[in-house]
Amino acid sequence: MSFNLLLVATALATFPLFVPAFFLPTYAASAGQPASAGALLVAGYNLASGLGRVLFGVLADAALGPVTALGTALVLAAVSILAVWPLAESLAVLIVFLIINGCCSGAILSLQPPVNAAVFGIRRAPETMSMMTSARVFGMAFGGPIAGYLLDAFGGPSSGTHAYRPTMFVMGSLCLVAAALVSGLRFRLAGFRLDARL
C-alpha cells in the first residue's frame, strides 16, 4: 500500500510540475507586463527551483524527514498555484509566486530519492526509484498539453489572466491530491506521531 500511495502521488505531482515555468512568460504578458519580464521570471523560477532543492533537502535532513518535507512542498506548491498565482497581476506578486512555486517544484524533484530510501530502505531504493521515475512520464508528457488545452478552451492568453484560472484550479488540485496521498503515506508509516522524522 505504501508503494501505491507514493507511486500515485509521484504521478499526480508531476502534472503541474512544469506548468508554471511554461506559462510564466505568456501569463506575464497577459497581466500587462513587458516581454522582457517573462524571460526574467523564468530565469528567477529556475533559480528558485535550485534553491528549493537545497533548502528542502536541509529541512528534510535537519528537522522534518524526507516524507514530511515532500508533503510540505506539495502543500505549498498547491497553495501557490491556487491562492497566489490567481492574484498575480503585478510583477511583485508574480515574483512571490515564482519563489514559492519554484522552490517547491525543485523540492518535489529532489526529495524523491531520499523519500524512497526512507520508505522502502536503501536496498530497495534502486528498483522503487526506477518505478517512481517511470510514473513521472505521464505528467511530464501530458501536464503541459492539458494546461495548454484548458487555456485555449477558456479564451487563450489574449483573453487576460482569467483564462488561466481553470488551468490553475486543475493543476493546484492535482498538487493537493498528491499532498493528501503523501500525508496518507506518512500516517501509514508513523501514525499520529507528529514528532516522527519521516
Side-chain angles (χ1 to χ4, degrees), residues 2-22 24 41-85 95-140 143 171-172 174-191 193-198:
S2 296
F3 177 80
N4 292 335
L5 286 169
L6 188 56
L7 184 74
V8 175
T10 300
L12 292 178
T14 309
F15 277 86
L17 196 59
F18 300 113
V19 170
F22 292 158
L24 272 172
L41 289 169
V42 172
Y45 186 91
N46 288 326
L47 177 62
S49 176
L51 291 173
R53 294 168 198 236
V54 174
L55 293 174
F56 273 90
V58 169
L59 190 64
D61 288 343
L64 297 178
V67 177
T68 307
L70 178 61
T72 303
L74 285 164
V75 168
L76 289 173
V79 168
S80 72
I81 293 171
L82 293 171
V84 180
W85 197 6
I95 291 170
V96 169
F97 167 71
L98 78 82
I99 291 170
I100 297 169
N101 193 270
C103 283
C104 294
S105 293
I108 291 165
L109 287 172
S110 68
L111 287 171
Q112 191 75 59
V115 166
N116 278 12
V119 174
F120 305 112
I122 198 73
R123 294 178 149 237
R124 295 195 62 206
E127 68 187 77
T128 58
M129 188 62 206
S130 63
M131 292 181 204
M132 297 301 161
T133 302
S134 297
R136 290 181 175 171
V137 168
F138 301 106
M140 289 183 176
M171 297 302 156
L174 288 172
C175 272
L176 277 179
V177 173
L181 291 170
V182 170
S183 297
L185 172 64
R186 189 188 187 291
F187 175 76
R188 179 174 166 71
L189 297 173
R193 292 179 302 137
L194 297 177
D195 60 336
R197 279 187 56 199
L198 180 67

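Counting only residues at least two apart or on different chains, the salt bridge (charged side-chain N to carboxylate O under 4.0 Å, His left out) pairs with a member in residues 96-124 are Arg124-Glu127. The list of side chain to side chain donor-acceptor pair (under 3.5 Å) pairs with a residue in residues 96-109, not counting sequence neighbours, reads Tyr45-Asn101, Tyr45-Ser105, Ser80-Asn101, Asn101-Ser105. Judged as a side chain to side chain donor-acceptor pair (under 3.5 Å), the pairs with a partner in residues 59-76 (not counting sequence neighbours) are, in order, Thr68-Arg186.
Listed by chain and residue number, Arg53 satisfy the side chain to side chain contact (heavy atoms under 4.5 Å, CB included) test with Ser110 (two or more places apart in sequence, or in another chain). Scanning for side-chain hydrogen bond (donor to acceptor under 3.5 Å, both in side chains) contacts around Ser130 gives an empty result, with sequence neighbours left out. Residues that satisfy the side chain to side chain contact (heavy atoms under 4.5 Å, CB included) test with Leu176, not counting sequence neighbours, are Ala78, Leu82. In this view, Thr10 and Gln112 satisfy the side-chain hydrogen bond (donor to acceptor under 3.5 Å, both in side chains) rule, not counting sequence neighbours. Remark: Ala11 engages Ala135 in a side chain to side chain contact (heavy atoms under 4.5 Å, CB included) (not counting sequence neighbours). For Phe187, the ring-ring contact (aromatic ring centres under 6.0 Å, His included) partners two or more places apart in sequence, or in a different chain, are Phe192. With sequence neighbours excluded, the residues satisfying side chain to side chain contact (heavy atoms under 4.5 Å, CB included) with Phe18 are Phe22, Leu109, Met140. Partners of Phe97 according to the ring-ring contact (aromatic ring centres under 6.0 Å, His included) rule, which considers only residues two or more places apart in sequence or in another chain, are Trp85. Contacts of Arg193 classified as side-chain hydrogen bond (donor to acceptor under 3.5 Å, both in side chains), with partners at least two apart in sequence or in another chain: none.
Shown are Ile108, Leu64, Leu76; of these, the side-chain contact (heavy atoms from CB on, under 4.5 Å) with Phe56 is made only by Leu76.
Considering only heavy atoms from C-beta on, Met131 stays 4.5 Å or farther from Thr128 through its side chain.
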